[in-house]
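All values reported here derive from a predicted model rather than from experimental measurement.
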Amino acid sequence: MAKKYYAVRKGRTPGIYLTWADCQKNIEGFSGAEYKGFDVIEEAAAFLETGGENRRERKGSVVGPEAVAYVDGSYNAATREYACGVVLFHGGHTEYFSRKFSDPERAAMRNVAGEIEGSMCAMNYCLEHGVSSLAIYYDYEGIEKWCTGAWKANKEGTIAYRDFYREASRQVRIRFVKVKGHSGDKFNDLADRLAKQAIGLE
(Lines give C-alpha, C1' and ligand atoms only; values in the text may rest on other atoms or scores of the structure.)
Protein backbone atom coordinates (compact mmCIF):
# COMPACT_ATOMS: atom_id res chain seq x y z
CA MET A 1 0.00 0.00 0.00
CA ALA A 2 1.42 3.39 -1.00
CA LYS A 3 2.29 5.79 1.81
CA LYS A 4 -0.04 8.77 2.13
CA TYR A 5 0.60 12.16 3.67
CA TYR A 6 -2.31 14.18 5.03
CA ALA A 7 -1.79 17.94 5.20
CA VAL A 8 -3.99 19.94 7.55
CA ARG A 9 -3.76 23.60 6.59
CA LYS A 10 -6.56 24.74 8.90
CA GLY A 11 -7.44 22.59 11.89
CA ARG A 12 -6.73 22.11 15.58
CA THR A 13 -3.03 21.48 14.99
CA PRO A 14 -1.98 22.23 11.38
CA GLY A 15 0.74 19.99 9.98
CA ILE A 16 1.46 16.83 8.03
CA TYR A 17 0.13 13.50 9.30
CA LEU A 18 0.86 9.92 8.29
CA THR A 19 -2.57 8.43 8.95
CA TRP A 20 -6.13 9.42 8.17
CA ALA A 21 -7.03 8.81 11.84
CA ASP A 22 -4.52 11.45 13.01
CA CYS A 23 -5.69 13.85 10.32
CA GLN A 24 -9.32 13.29 11.27
CA LYS A 25 -8.67 14.19 14.93
CA ASN A 26 -7.53 17.62 13.80
CA ILE A 27 -10.42 18.43 11.49
CA GLU A 28 -13.56 16.80 12.93
CA GLY A 29 -15.83 19.51 14.27
CA PHE A 30 -13.39 22.26 13.28
CA SER A 31 -15.22 24.99 11.36
CA GLY A 32 -13.60 25.79 8.00
CA ALA A 33 -11.05 22.96 8.18
CA GLU A 34 -8.75 22.68 5.16
CA TYR A 35 -6.96 19.40 4.49
CA LYS A 36 -5.88 17.14 1.66
CA GLY A 37 -4.10 13.84 1.06
CA PHE A 38 -0.92 13.56 -1.00
CA ASP A 39 1.40 10.80 -2.21
CA VAL A 40 4.47 13.06 -1.97
CA ILE A 41 5.42 15.01 1.16
CA GLU A 42 6.81 17.94 -0.82
CA GLU A 43 3.35 18.47 -2.32
CA ALA A 44 1.78 18.23 1.15
CA ALA A 45 4.22 20.93 2.30
CA ALA A 46 3.29 23.10 -0.69
CA PHE A 47 -0.38 22.81 0.31
CA LEU A 48 0.44 23.99 3.84
CA GLU A 49 2.41 26.96 2.55
CA THR A 50 -0.33 28.33 0.30
CA GLY A 51 -3.07 30.41 1.84
CA GLY A 52 -5.55 30.09 -1.00
CA GLU A 53 -5.38 28.17 -4.25
CA ASN A 54 -2.34 25.98 -4.75
CA ARG A 55 0.40 27.50 -6.83
CA ARG A 56 0.76 25.48 -10.03
CA GLU A 57 3.15 25.19 -12.90
CA ARG A 58 1.90 25.14 -16.50
CA LYS A 59 1.66 21.36 -16.48
CA GLY A 60 -0.55 21.51 -13.41
CA SER A 61 1.78 20.02 -10.79
CA VAL A 62 1.89 21.61 -7.35
CA VAL A 63 4.84 23.93 -6.90
CA GLY A 64 6.38 23.28 -3.52
CA PRO A 65 9.77 23.10 -1.84
CA GLU A 66 12.25 20.70 -3.38
CA ALA A 67 13.14 19.44 0.10
CA VAL A 68 11.34 19.39 3.45
CA ALA A 69 13.15 19.11 6.78
CA TYR A 70 11.96 18.70 10.35
CA VAL A 71 14.59 19.79 12.88
CA ASP A 72 14.94 19.61 16.65
CA GLY A 73 17.57 19.71 19.35
CA SER A 74 18.35 18.27 22.76
CA TYR A 75 20.78 18.82 25.64
CA ASN A 76 22.34 16.46 28.18
CA ALA A 77 23.08 18.40 31.39
CA ALA A 78 25.22 15.56 32.77
CA THR A 79 27.68 15.58 29.88
CA ARG A 80 27.09 19.18 28.70
CA GLU A 81 26.64 17.88 25.18
CA TYR A 82 23.95 19.01 22.78
CA ALA A 83 22.63 17.35 19.65
CA CYS A 84 20.46 17.81 16.61
CA GLY A 85 17.95 15.55 14.95
CA VAL A 86 16.82 16.04 11.36
CA VAL A 87 14.27 14.22 9.21
CA LEU A 88 14.71 15.39 5.62
CA PHE A 89 12.62 14.50 2.57
CA HIS A 90 14.09 14.99 -0.90
CA GLY A 91 13.48 13.35 -4.25
CA GLY A 92 11.19 10.69 -2.85
CA HIS A 93 13.76 9.62 -0.24
CA THR A 94 14.00 10.19 3.50
CA GLU A 95 17.29 11.12 5.16
CA TYR A 96 17.93 10.98 8.90
CA PHE A 97 20.62 12.98 10.69
CA SER A 98 21.58 12.66 14.35
CA ARG A 99 24.73 14.41 15.60
CA LYS A 100 26.14 15.49 18.96
CA PHE A 101 28.38 18.45 19.79
CA SER A 102 30.31 19.65 22.84
CA ASP A 103 31.37 23.25 22.17
CA PRO A 104 31.34 24.79 25.70
CA GLU A 105 30.18 28.25 24.61
CA ARG A 106 27.33 27.00 22.46
CA ALA A 107 26.39 24.37 25.04
CA ALA A 108 25.34 27.27 27.27
CA MET A 109 22.32 27.60 24.95
CA ARG A 110 21.40 24.01 25.84
CA ASN A 111 18.91 22.39 23.42
CA VAL A 112 18.65 25.59 21.36
CA ALA A 113 22.22 24.97 20.20
CA GLY A 114 21.08 21.60 18.87
CA GLU A 115 18.09 23.14 17.10
CA ILE A 116 20.41 25.60 15.37
CA GLU A 117 22.72 22.77 14.28
CA GLY A 118 19.73 20.87 12.90
CA SER A 119 18.61 23.82 10.81
CA MET A 120 22.14 24.36 9.48
CA CYS A 121 22.44 20.63 8.75
CA ALA A 122 19.32 20.80 6.56
CA MET A 123 20.60 23.90 4.74
CA ASN A 124 24.00 22.32 4.24
CA TYR A 125 22.42 19.19 2.74
CA CYS A 126 20.68 21.36 0.17
CA LEU A 127 23.90 23.21 -0.67
CA GLU A 128 25.79 19.95 -1.13
CA HIS A 129 23.07 18.34 -3.26
CA GLY A 130 22.12 21.33 -5.40
CA VAL A 131 18.63 21.62 -3.90
CA SER A 132 17.02 24.92 -4.88
CA SER A 133 14.30 25.25 -2.23
CA LEU A 134 13.79 24.05 1.34
CA ALA A 135 11.00 24.20 3.92
CA ILE A 136 12.27 23.90 7.50
CA TYR A 137 9.72 22.79 10.10
CA TYR A 138 10.77 23.80 13.62
CA ASP A 139 9.24 24.23 17.08
CA TYR A 140 11.54 26.89 18.61
CA GLU A 141 10.82 30.32 17.16
CA GLY A 142 14.43 31.52 17.23
CA ILE A 143 15.20 29.13 14.37
CA GLU A 144 13.33 31.48 12.07
CA LYS A 145 13.60 34.81 13.90
CA TRP A 146 17.40 34.97 14.11
CA CYS A 147 17.53 34.41 10.36
CA THR A 148 14.87 36.97 9.45
CA GLY A 149 16.21 39.59 11.86
CA ALA A 150 13.07 39.58 14.02
CA TRP A 151 15.41 38.65 16.89
CA LYS A 152 18.86 40.21 17.21
CA ALA A 153 21.69 37.67 17.13
CA ASN A 154 24.02 38.66 19.97
CA LYS A 155 25.76 35.41 20.94
CA GLU A 156 28.53 33.70 19.03
CA GLY A 157 26.25 30.76 18.20
CA THR A 158 23.31 32.83 16.99
CA ILE A 159 25.53 35.19 14.99
CA ALA A 160 27.19 32.24 13.25
CA TYR A 161 23.77 30.75 12.55
CA ARG A 162 22.39 33.98 11.08
CA ASP A 163 25.47 34.39 8.88
CA PHE A 164 25.27 30.77 7.72
CA TYR A 165 21.63 31.30 6.74
CA ARG A 166 22.48 34.46 4.81
CA GLU A 167 25.10 32.63 2.77
CA ALA A 168 22.90 29.56 2.22
CA SER A 169 19.90 31.65 1.16
CA ARG A 170 21.88 33.01 -1.77
CA GLN A 171 21.66 29.55 -3.34
CA VAL A 172 18.66 27.96 -1.64
CA ARG A 173 15.19 29.48 -1.22
CA ILE A 174 14.45 28.77 2.45
CA ARG A 175 11.04 28.94 4.06
CA PHE A 176 10.40 28.40 7.77
CA VAL A 177 7.26 26.73 9.12
CA LYS A 178 6.44 26.76 12.85
CA VAL A 179 5.01 23.60 14.37
CA LYS A 180 3.83 23.13 17.93
CA GLY A 181 6.31 21.07 19.93
CA HIS A 182 5.13 17.84 21.59
CA SER A 183 1.79 18.10 19.82
CA GLY A 184 1.84 14.66 18.22
CA ASP A 185 3.49 15.78 14.97
CA LYS A 186 5.23 12.53 14.05
CA PHE A 187 8.14 14.05 12.14
CA ASN A 188 8.81 16.69 14.80
CA ASP A 189 8.70 13.97 17.46
CA LEU A 190 11.06 11.80 15.40
CA ALA A 191 13.57 14.65 15.03
CA ASP A 192 13.38 15.11 18.81
CA ARG A 193 14.05 11.39 19.40
CA LEU A 194 17.01 11.42 17.01
CA ALA A 195 18.54 14.35 18.91
CA LYS A 196 18.01 12.63 22.27
CA GLN A 197 19.51 9.35 21.04
CA ALA A 198 22.67 11.12 19.90
CA ILE A 199 23.44 12.20 23.49
CA GLY A 200 22.19 9.07 25.22
CA LEU A 201 18.91 10.40 26.58
CA GLU A 202 16.76 7.80 24.81
Side-chain angles (χ1 to χ4, degrees), residues 5 13-19 22 41 45 65 67-90 93-129 131 134-169 172 174-202:
Y5 301 97
T13 305
I16 299 173
Y17 296 90
L18 291 175
T19 68
D22 286 339
I41 194 169
V68 173
Y70 282 77
V71 305
D72 212 339
S74 191
Y75 176 74
N76 187 331
T79 63
R80 295 184 180 178
E81 294 175 318
Y82 57 97
C84 69
V86 181
V87 183
L88 189 144
F89 302 90
H90 173 232
H93 301 285
T94 308
E95 305 285 346
Y96 303 95
F97 301 96
S98 181
R99 298 171 183 165
K100 71 176 179 179
F101 307 86
S102 56
D103 181 281
E105 189 170 346
R106 298 192 184 188
M109 293 190 292
R110 302 173 71 88
N111 64 300
V112 172
E115 304 230 12
I116 285 173
E117 290 290 350
S119 184
M120 291 196 298
C121 175
M123 294 181 204
N124 196 54
Y125 174 93
C126 292
L127 291 171
E128 291 180 349
H129 293 81
V131 176
L134 167 70
I136 296 177
Y137 286 71
Y138 65 93
D139 60 19
Y140 178 71
E141 58 186 331
I143 292 304
E144 176 176 3
K145 290 186 174 180
W146 281 313
C147 292
T148 62
W151 284 6
K152 183 177 180 181
N154 51 23
K155 293 183 179 179
E156 185 272 334
T158 57
I159 291 169
Y161 173 55
R162 178 203 63 198
D163 292 347
F164 186 92
Y165 162 78
R166 287 177 177 175
E167 286 297 314
S169 62
V172 183
I174 301 167
R175 180 181 177 89
F176 295 96
V177 184
K178 178 82 167 66
V179 297
K180 188 177 180 181
H182 310 291
S183 62
D185 185 305
K186 286 184 169 55
F187 301 123
N188 180 251
D189 289 348
L190 177 54
D192 180 52
R193 284 200 304 275
L194 288 169
K196 283 182 168 62
Q197 287 169 2
I199 48 176
L201 292 180
E202 197 168 289

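With contacts defined as side-chain heavy-atom distances shorter than 4.5 Å, the pair Leu127/Glu167 does not qualify. Contact check for Met123 versus Leu134: side-chain heavy atoms found under the 4.5 Å cut-off. Residues Ile16 and Phe89 fail the side-chain proximity criterion, which asks for heavy atoms closer than 4.5 Å. Within the 4.5 Å cutoff, no side-chain heavy atoms of Thr79 are placed close to those of Lys100. Asp72 has its side chain within reach of Asn188: a pair of non-hydrogen atoms, C-beta onward, lies under 4.5 Å apart. Side-chain contact check for Tyr140 versus Asn111: every heavy-atom pair is 4.5 Å or farther apart. Side-chain contact check for Phe97 versus Asn124: every heavy-atom pair is 4.5 Å or farther apart. The shortest side-chain heavy-atom distance between Arg175 and Pro65 does not fall under the 4.5 Å cut-off.
The distance between the ring centers of Tyr82 and Phe101 falls below 6.0 angstrom.
Closest of all the heavy-atom pairs between Ala198 and Ala83 is CB-CB, 3.7 Å. Shortest non-hydrogen contact noted between Leu194 and Val86 is CD1-O, 3.7 Å. Summarising the geometry of Val87 relative to Thr94, their closest heavy-atom pair is CG1-CG2, 4.0 Å, with the distance given to 0.1 Å. Of all the heavy atoms in Trp146 and Lys152, the pair that sits closest is NE1-O, 3.7 Å. The nearest pair of heavy atoms linking Cys147 to Ile143 is SG-O, 3.5 Å. The two atoms that bring Tyr17 and Thr13 nearest to each other are OH-O, 2.5 Å, heavy atoms only.
Separation of atoms CZ (Phe164) and CD (Glu117) is listed at 9.0 Å; rounding is to 0.5 Å. Atoms OG1 and NZ, from Thr158 and Lys145 in turn, are 15.0 Å apart once rounded to the nearest 0.5 Å. Within the model, atoms CD1 of Ile41 and CG of Leu88 stand 9.5 Å from one another, a figure rounded to the nearest 0.5 Å. Distance check: Ser74 OG to Gln197 CD gives 10.5 Å after rounding to the nearest 0.5 Å. To the nearest 0.5 Å, the span separating CG on Asn76 from CZ on Arg110 amounts to 9.5 Å.
Panel note: side chain Lys178, backbone Tyr137; no donor-acceptor pair is recorded below 3.5 Å.
We find that Lys196 and Asp192 are joined by a salt bridge, their nearest charged nitrogen and carboxylate oxygen being less than 4.0 Å apart.
Checking Tyr161 against Ser119 by side-chain atom types alone, a donor-acceptor pair falls below 3.5 Å.
Considering Glu156, Glu115, Glu81 as possible partners of Arg106, the one that fulfils the salt bridge (Lys or Arg N to Asp or Glu O under 4.0 Å) test is Glu156.
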Problem set entry | Working for side-chain contact (heavy atoms from CB on, under 4.5 Å), residues Met109 and Lys155 | CA-CA 9 Å; Met109 293 190 292; Lys155 293 183 179 179; 4.2 Å; yes
For this session: Go through Leu190 and Tyr96 one step at a time and tell me if the side-chain contact (heavy atoms from CB on, under 4.5 Å) criterion holds.
Result: CA-CA 9 Å; Leu190 177 54; Tyr96 303 95; 3.6 Å; yes
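Classified by interplanar angle (parallel below 30°, tilted 30° to 60°, perpendicular above 60°), the ring pair Phe187/Tyr5 is tilted.
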